[in-house]
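As the structure is a computational prediction, the values presented were derived from the model and not from experiment.
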Amino acid sequence: MSEGGSRYLKEPFEYHEQRFETTERIMALQFAQVEKRLERIEAMIIGLEKRLWMTVYGVVAVILTQAVQGVLEYGPK
């Protein structure tokens with residue numbers, strides 16, 4: 001009581017500042033985790049896209065091969 005004033009008038013402000021800083025740190029960590037997850041998802045999508053295009057090219061190659069074989073069968077012997 002020698003300092004004057006109630007300690008309850010000062011503590012909430014200090015607590016509020018600490019809480020705000022802690023919330024900011026937690027949000028930064030959460031955003032970092034979200035960023036890492038997005039990078040992994042993007043890498044998986046790129047890999048899937050490459051596989052998809054390889055499949056498309058493979059199907060086109062088979063169709064073209066069959067078409068060329070069909071033309072060669074009806075050609076002069």
Scan the side chains in residues 33-46 for donor-acceptor partners under 3.5 Å anywhere in the protein, sequence neighbours excluded, and list what turns up.
none

Worksheet entry | Residues clustered with Phe31, ILVMFWY side-chain links under 4.5 angstrom |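 Members besides Phe31, by chain and number: Met27.
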
Can you give the donor-acceptor pairs under 3.5 Å from side chains of residues 50-66 to other protein atoms, not counting sequence neighbours?
{"residue": "Thr55", "atom": "OG1", "partner": "Arg51", "partner atom": "O", "Å": "2.9"}
{"residue": "Thr65", "atom": "OG1", "partner": "Ala61", "partner atom": "O", "Å": "2.7"}

